[in-house]
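Data block below; observations after.
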Amino acid sequence: MGKGFYISRSAGRVAFLLVVAAAATIVALSIIYAQEKSKNLATNGGGGVGATTAPAPTPALMSSNDSWDQYRLPDTLRPEFYNLTMWPRLQMDQNGMYIFTGSSSVVFTCMKETDLILIHSNKLNLTTFDGHLARLTTVGSATGPAIEATWLQLETQYLVVQLSGMLTVGQSYQLYTEFQGELADDLGGFYRSEYVEDGVKKVVATTQMQATDARKAFPCFDEPAMKAIFHITLIHEPGTVALSNGMDKETVNTTIEGTKVTVTKFEPTKRMSTYLLAFIVCDFAYVSAPEDSDNVLIRIWARRKAIEKGQGEYAHNVTGRILKFYESYFNVTYPLSKSDQVALPDFNAGAMENWGLVTYRETALLYDPHISSNGNKERVLTVISHELAHMWFGNLVTLRWWNDLWLNEGFASYVEYLGANHAEPTWNMKDTIVLNDVHRVFAIDALASSHPLSSSEDEIKMPNDISQLFDTISYSKGASVLRMLSEFLSEPVFVQGLSAYLNQFAYSNTVYKDLWNHLQKAVDSTPSLSLPHSVNDIMNRWILQMGFPVVTIDTRTGGLSQNHFLLDSESVVDRPSEFNYEWYIPITWKKAGAEQEPFWLLQKTDSYSPLAATGNEWVLANVNVTGYYRVNYDSDNWERLLTQLNSDHQLIPVINRAQIVDDAFNLARAKIINITLALRTTVYLSEEREFMPWESAIDNLNYFFLMFDRSEVYGPMQAYFKKLVTPLLSYFQRTTLNWTRVSSSHADQYNQVNAIWLACKTGVESCQALTKGWFKQWMQDPANNPIHPNLRTTVYCSAIAAGGAEEWEFGWEMFKNASIASEADKLRYALACTKQPWLLNRYLEYTLDPTKIRKQDATSTIVYVARNVVGQTLAWDFLRERWEYIFTQYGSSSFSFASLISGVTKRFSSKFELQQLQQFMKDNENVGFGSGALALEQSVASTTANLKWLAENKEPVLNWFISQSK
């Protein structure tokens, strides 16, 4: 339906453009890179051999218009289609560089009269034509103005084309450029990935355009609203494979400038944004199958050895199921003829939803049932489900500007659980969003330095502003509030609105209000559904103000209240809110086990008489944590809930058992309840066998490890946790027949890992002997690993922590020789577990050498070292000493850079560490913090909160742990 709507609306214009596109493709191919000839090149900061600088504009020209100093494109031009030809060189040139050359002709329509063309270009050497960096022609017989001057505006990343006269409104023009760039290993734009197969080094030319790196590959109107059709041609070495968004339609072997090459042309893309463009040249193989139905070709691409070993089979099996689910869920047909998914050895993000050519880290796409764990399998499933959701929500309908990034990522982060649940119905995937997203984002959104889901467009201008939005708030809070919305609307109404939204805005751009409007129409057409306010009024309170509420229920009176929840109650919130940090809150609840009629809390305080409880009745709010809020109770109700947990915990739903623990610990951190009350919620865990409550407890107890593993509290705390986990360890030892079988339940497999991890960490002798014995057995026979894949991360870490240089060196060798990335990742994590400072320092140095630790893994490896109490100071010193280098490599746009800062400072809890952090900010003001600037502010806020929490809670916590040992 979406495709049909688009064609019916624009049939005449599209037909005309396709005719022009065909002719322009021939023109583009005919040049076949005149860069190879002796031409003057103009440098944009990269500087190729033989490059010269284009003539600078005259002062009069420069002062006549300041549009090139703005980071947003003016609304004067609209691109229609590109003809893009790229030729990556997979061999190093005489200057020791890998390069690509290319040409691009973009046809655009003038929407408003202007004498200026601004088009993004960054780090490209542009060929000059008669002294200018581009060539302009008019489409059709009309004549147009001449180019008067061109130059590169480095700060705003523009190629500026000043014209001698005005462009005509409604007229189409073609801007032609030729360029050369470096096929660098910087993981952005058009870049290279390297790997070794059968002793031979191989190079992959690949892309990562999101958010603002398409301009590093070719000059383009690089904003999401500037959608266009792309006609792609790739020139590549014979024997290599060329891939792009569309299907290849013609492949020709020929000779260009004395070099034998293959020229591959692709079908034109759908109308789409530049950040979704992708092209790859590689030596990969793929897995497909004749049963691929519905005329959609599904292929999983990877290194040949990986495909030969069947590591793409699982991804292929679930992709078709998930695509069909989304077609049914959205009631919109998948609009492309193929779905290629590619596992890349070097990839900075987890995956990227390029339309028709989705790219992944190897760990997110490849699965080997003999080597990979249950968790690896789930990651492959959920990442595929997330990226395929984007084919509709993000690709077919795209945000107008990056300030609404949450709409793309939050939506995909929510429905990924639905797609995964459909593909693996026995895994109960829908529930895990509470642990993976809701609880996770609560920790960030409870800081005064958090930010709203949706900002004004004016707040998000520069590339660094955009990169900072790829954070937990956009993904996990977005998912959480959309899940809440689906719950109080009901899924049928939610899906009805989504389908109408996707169909109306197919191939175009939207703002979040467009979604609210379509959901409201679905509500209005459902007489049985009554809301207290419009969807717009309800949801704007959740997306336009940061944070979330804590709802306090007094079961003695039935009174309710809501307050903005802050981990540090004394922190100052300096971001104003038109809603005064009040929310419209859907309350679901139970009384003594029976579910009650839901209601809304619409003001700061209210009363609801059914909440009043008598006798042993307990009240439990936010059933299954469908609402994005925490819950506090009067002391009597807390005691009744604790009594129920300790007497018969199964009367409380499993998700809410996890919620009680998480809410209690965070309410205690915020000084709303006593810390000993929170600790008491864990006592019943000696009888608990379910994964979700244990995972919730461990997540919160990890905070205690971070705060106390350098103090006298650690000993009594460790003794308590040891006593708590021993029954769980014994349970799994018994049910797995002394570790010889695997639990049938997906969740039990995870909880088995929790049992071994916590038992070994707290010094349970039988656990430590078990892990050391398994690892020793492997060291004696490296070809036969006796450790089950589910347990390897935990066992490797425990054994390396207990061992010395011999265990570490063995782990390093196994890491280097790992045949699948997921196994390498387990070992890379475990190598940071050693207690030997000299080994940790050496490991940190390895992160600077991409031949040892890939660039994509450098930041997370540093964070792994910082998690180790021995490595904390080493990692912090390493980060400070090499900040300028690390920032240059990763800071300007890396999505993982924020996690580096927050990860290394997570344990900070003293005045000295706070002073160091503040001094670090001052010392590096000139260097900058790039996409990690917000994370640095949040680290200061977290450290301040930790400092206060320790001062107030250290003594009562110590006393409580001591009391439990009696």
Side-chain angles (χ1 to χ4, degrees), residues 185 187 194-196 201 345-346 348 363 706 709-710 760-761 771-772 775-776 778-780 782 785 787 792-819 821-891 894 896-897 899-908 913 916 920:
D185 62 350
L187 309 178
E194 300 177 0
Y195 64 101
V196 176
K201 174 185 171 182
D346 298 285
N348 192 40
T363 54
L706 289 172
D709 61 7
R710 297 175 289 177
C760 285
K761 186 175 182 66
T771 57
K772 286 190 289 186
F775 198 79
K776 197 70 174 178
W778 186 29
M779 290 177 66
Q780 292 166 353
N785 190 336
I787 309 165
R792 287 182 182 178
T793 301
T794 294
V795 171
Y796 294 169
C797 179
S798 178
I800 288 174
E806 183 182 5
E807 286 77 9
W808 197 94
E809 294 290 357
F810 176 78
W812 176 249
E813 287 301 313
M814 294 300 99
F815 165 75
K816 290 192 297 182
N817 297 326
S819 62
S822 58
E823 176 71 2
D825 264 13
K826 294 179 178 70
L827 287 158
R828 184 169 60 86
Y829 168 80
L831 289 167
C833 297
T834 180
K835 302 303 182 186
Q836 307 297 319
W838 68 277
L839 287 171
L840 291 172
N841 269 325
R842 187 170 80 176
Y843 198 31
L844 287 167
E845 292 293 336
Y846 284 180
T847 64
L848 304 179
D849 183 350
T851 65
K852 291 184 170 67
I853 301 294
R854 290 185 178 276
K855 276 193 172 184
Q856 66 174 14
D857 297 324
T859 55
S860 60
T861 302
I862 296 169
V863 171
Y864 291 159
V865 173
R867 288 182 185 175
N868 183 340
V869 65
V870 178
Q872 164 67 63
T873 303
L874 304 178
W876 174 232
D877 290 347
F878 177 82
L879 188 67
R880 288 186 295 169
E881 183 179 344
R882 293 163 178 81
W883 179 254
E884 186 168 355
Y885 173 82
I886 293 172
F887 176 76
T888 301
Q889 292 294 309
Y890 309 108
S894 169
S896 64
F897 197 66
S899 63
L900 171 65
I901 293 174
S902 60
V904 170
T905 61
K906 203 164 191 176
R907 192 181 261 104
F908 282 13
E913 287 165 332
Q916 283 188 320
F920 172 68

Partner set under side-chain hydrogen bond (donor to acceptor under 3.5 Å, both in side chains) for E884, not counting sequence neighbours: none
Any chance NZ of K761 has more than 12 other-residue heavy atoms, nucleotides or ligands included, within less than 6.0 Å? yes
For the pair [X] (side chain) and [Y] (backbone), establish whether a donor and an acceptor sit closer than 3.5 Å, ignoring hydrogens and angles.
{"X": "T905", "Y": "I901", "result": "yes"}
{"X": "D346", "Y": "L187", "result": "no"}
{"X": "T834", "Y": "L831", "result": "no"}
{"X": "Q872", "Y": "V904", "result": "yes"}
{"X": "R907", "Y": "A866", "result": "yes"}
{"X": "R828", "Y": "D857", "result": "yes"}

Do [X] and [Y] have side-chain heavy atoms sitting under 4.5 Å apart?
{"X": "T771", "Y": "T794", "value": "no"}
{"X": "W876", "Y": "E913", "value": "no"}
{"X": "V865", "Y": "F878", "value": "no"}

Is the distance between the ring centroids of F810 and F775 under 6.0 Å? yes
Using only heavy-atom distances, determine whether the side chains of Q836 and Y843 contain a donor-acceptor pair under 3.5 Å. no
Charged N to carboxylate O under 4.0 angstrom, [X] versus [Y]?
{"X": "E813", "Y": "K816", "value": "yes"}
{"X": "K855", "Y": "E194", "value": "no"}
{"X": "K835", "Y": "E807", "value": "no"}

Which atom of L827 lies closest to which atom of F815, heavy atoms considered: CD1-N, 3.5 Å
Specify whether Y796 and W778 have parallel, tilted or perpendicular ring planes, treating 30° as the upper limit for parallel and 60° as the lower limit for perpendicular. parallel
